[in-house]
Amino acid sequence: MTTIARSTDTLTRDALTVLQPGFVGTTAPDWLLRRIGEGLTSVGLFGRNIATADQLAALTAQLRSERDDVLVAIDEEGGDVTRLEVRTGSSFPGNLALGSVDDTDLTRAVAHELGRRLAACGVDLNWAPSADVNSNPDNPVIGVRSFGADPQLVARHTAAYIEGLQSAGVAACTKHFPGHGDTAVDSHHALPRIDVDLDTLHARELVPFRAAIAAGSKSVMSAHILLPALDPTRPATLSPRVLTGLLREELGYDGLIVTDAVEMQAIASTYGIERGSVLAIAAGADALCVGGGLADEDTVLRLRDALVAAVRAGELPESRLADAAARVRALASWTREARGSVAGPGAAEGAASGSDIGLVAARRALRVTGSAAPLSAPPYVASFTPVANIAVGDETPWGVGVELSALLPGTVTGTYGPAADPASVLAAAGGRRIVAVVRDEHRHPWMSSALSALLSARPDTVVIEMGVPQAAARGSVHIATHGAARVCGRAAAEALLPTPPLP
């Protein structure tokens, strides 16, 4: 155990308590353990921190060796956004797949199983689910992370997800308040603006968050978006009108408010992370997520010192910082109690075992159009790959090539980007039947053009859409998976066999 200095003053401890930083490596660095001893109450995990279930369990145990109430958070949505299975693809379909099935019992069961596996590894706060209503099909960052475009559908599945996750002892963090669905800009890169009136906001964006509050979501994550109808100058994360006026007072939410990552450009390039962090806490946020991009001790110290300096300068009321820290500690107490009440098997057994509910859900989410003959021989899989957004990342494999290879040995796969030449795809395929895999065809003209050329030359081509199925179904068979999780690829591959497994 690291030797801890216990002389940190209350103000500094509170400033550390409201931070949720990340770090680099699969074991906790000394600086992180030292700061936990000084008051740091939360740690965020990303794909870079996870190798195996046993390693993750050892890591969370290492963190708790300093203090047993440390909140260990992760961005594990399932589907396209996975950290637990970042190198293999998720065992669970994402929100759009669950919304397309529209069975809240299934959503609740999937979330419970995901939570059970997280809890088995010592993770007790999940920055999920996304409660955004995907009203803009051109949204570059939400898409399949949303349950859908219907506010009522999103609301009932958001509530079911929260209930399932928290029944496994893992706190939910409903995001991205007050709704990131109607944007055409990724807040990782710039500040999105949503120009809708208050009536639209209440009838659409806020419906799922009301359901989340009613379902008892332990935390809510703010969005770095500008909504002039609520606040014409400050993004939601920094706006007292949004976080205190709307979320706390009007909607009556009393849980933990967490910011989206403060190093995202919507904040970092407009206010800077130090000023942005101070404004966020002053606005009503209780915890500052940081560490996806900036994952070092210097960042933690910069934010700690900025908060302390703001209190001493009279820019941030000390009582507001103390209240924020108290809410973090209250959630940490809940998760510590929950860990004891749902204790189960060891990490490797707990994380890997259990039901096949994810695959069952992925199979049910398939939408198959067309009735061409199934594959009778190993095909050529042409994967048309767009640039991944930062939330998804480019580490996680996707597609159907691996899964088809397991079912039809001899399957060959090629990957193509915006410069794809359909003639080269045809040449590589030779006499094999082509399975063209796309992701959000409607958002990528190059992809749509390449697909048109393939279908003109080879009408028997199978098309598998693994993003939002907004484009018209075409191909001899068109399969919409409603997401690119590993199990979605498995389900699609099975559907191409002469006798696919029953759901």
Side-chain angles (χ1 to χ4, degrees), residues 95-96 99 129-155 158 174-213 220-251 253 257-272 275-276 279-280 282-285 389-391 440 442-445 467-468 470-471:
N95 285 3
L96 187 62
S130 290
D132 308 293
V133 178
N134 198 50
S135 54
N136 183 350
D138 291 328
N139 194 312
V141 69
I142 301 300
V144 297
R145 301 168 66 198
S146 166
F147 289 110
D150 175 10
Q152 296 298 332
L153 179 146
V154 175
T158 295
T174 307
K175 60 189 183 185
H176 306 80
F177 185 83
H180 207 311
D182 190 20
T183 65
V185 173
D186 184 345
S187 52
H188 290 90
H189 301 297
L191 178 62
R193 176 186 175 110
I194 300 180
D195 288 300
V196 298
D197 57 30
L198 287 176
D199 288 343
T200 300
L201 186 72
H202 280 277
R204 190 177 65 185
E205 273 76 14
L206 294 181
V207 172
F209 288 98
R210 290 182 186 275
I213 292 168
V220 168
M221 178 177 283
S222 66
H224 304 329
I225 55 175
L226 186 69
L227 294 100
L230 291 171
D231 190 327
T233 59
R234 289 188 178 180
T237 293
L238 311 184
S239 172
R241 298 183 193 180
V242 175
L243 298 189
T244 299
L246 177 59
L247 183 53
R248 287 275 187 236
E249 296 173 357
E250 186 173 345
L251 300 185
Y253 180 65
I257 299 177
V258 183
T259 71
D260 208 343
V262 295
E263 72 266 39
M264 291 165 61
Q265 290 305 303
I267 300 298
S269 67
T270 52
Y271 294 86
R275 181 64 178 159
L279 291 175
N389 67 59
I390 292 176
D440 289 343
H442 68 285
R443 292 201 303 112
H444 302 287
V468 177
Q470 187 74 18

Pair N134-L96, side-chain contact (heavy atoms from CB on, under 4.5 Å): steps then yes or no: CA-CA 10 Å; N134 198 50; L96 187 62; over 6 Å; no

Would you give the length of the straight line joining atom CD of E250 to atom CZ of R210, rounded to the nearest 0.5 angstrom? 6.0 Å

Can you tell me if N136 uses its side chain to pair, donor with acceptor, with the backbone of G181 under 3.5 Å? no

Using only atom types and a distance under 3.5 Å, with no angle test, would you say the side chain of T244 pairs donor to acceptor with the backbone of A283? yes

Between CG on residue D199 and NE2 on residue H202, distance to nearest 0.5 Å: 8.0 Å

Return the minimal non-hydrogen interatomic distance between V154 and S146, and the atom names on each side. CG2-OG, 4.4 Å

Decide yes or no for H176 and I225: does some side-chain heavy atom of the first lie under 4.5 Å from some side-chain heavy atom of the second? no

Are any of the side-chain heavy atoms of I257 and R248 separated by less than 4.5 Å? yes

With a 4.5 Å heavy-atom cut-off, do R241 and L230 have their side chains touching? no

Got L251 and F177 here, is their nearest side-chain heavy-atom distance under 4.5 Å? yes

Heavy atoms of A280 and T259 approach each other most closely as CB-CG2, 3.9 Å

Run the side-chain contact (heavy atoms from CB on, under 4.5 Å) test on L227 and E205 for me, step by step, so that the C-alpha distance in whole Å, both residues' side-chain angles and the decisive distance to 0.1 Å come before the verdict. CA-CA 11 Å; L227 294 100; E205 273 76 14; 5.7 Å; no

Closest heavy-atom contact between T158 and A212? CG2-CB, 4.0 Å

Beyond-backbone contact of D138 with R443, side-chain heavy atoms, under 4.5 angstrom: yes

Closest non-hydrogen atoms of P208 and P151, given as atom of the first, atom of the second and distance, are CG-O, 4.0 Å

Ignoring hydrogens, what is the shortest heavy-atom contact between A236 and A223? Give both atom names and the distance. CB-O, 3.3 Å

Here the pair of heavy atoms bringing I194 nearest to G179 is CD1-O, 3.5 Å

Could you check whether any side-chain heavy atom of T237 comes within less than 4.5 Å of a side-chain heavy atom of L243, counting everything from C-beta outward? no

Is it true that the side chains of S239 and D231 contain a donor and an acceptor less than 3.5 Å apart? yes

I'd like to know whether R145 forms a side-chain contact (heavy atoms from CB on, under 4.5 Å) with N95, so could you lay out the CA-CA distance, the side-chain angles of the two residues, the decisive distance to 0.1 Å, and finally the verdict. CA-CA 5 Å; R145 301 168 66 198; N95 285 3; 5.6 Å; no

Please determine whether side-chain contact (heavy atoms from CB on, under 4.5 Å) holds for the pair L247 and I213, giving the CA-CA distance in whole Å, both sets of side-chain angles, and the decisive distance to 0.1 Å. CA-CA 10 Å; L247 183 53; I213 292 168; 4.1 Å; yes

Across all chains, not counting sequence neighbours, the salt bridge (charged side-chain N to carboxylate O under 4.0 Å, His left out) partners of D195 are R193

Is a side-chain donor or acceptor of S130 paired with a backbone partner of K175 at a separation under 3.5 angstrom? no

Are the side chains of V242 and S222 in contact, using a 4.5 Å heavy-atom criterion? no

Donor-acceptor pair, side chain of D132 and main chain of H180, under 3.5 angstrom: yes

Indicate yes or no for a side-chain donor-acceptor contact from H224 to the backbone of A261 under 3.5 Å, with no hydrogens or angles considered. yes

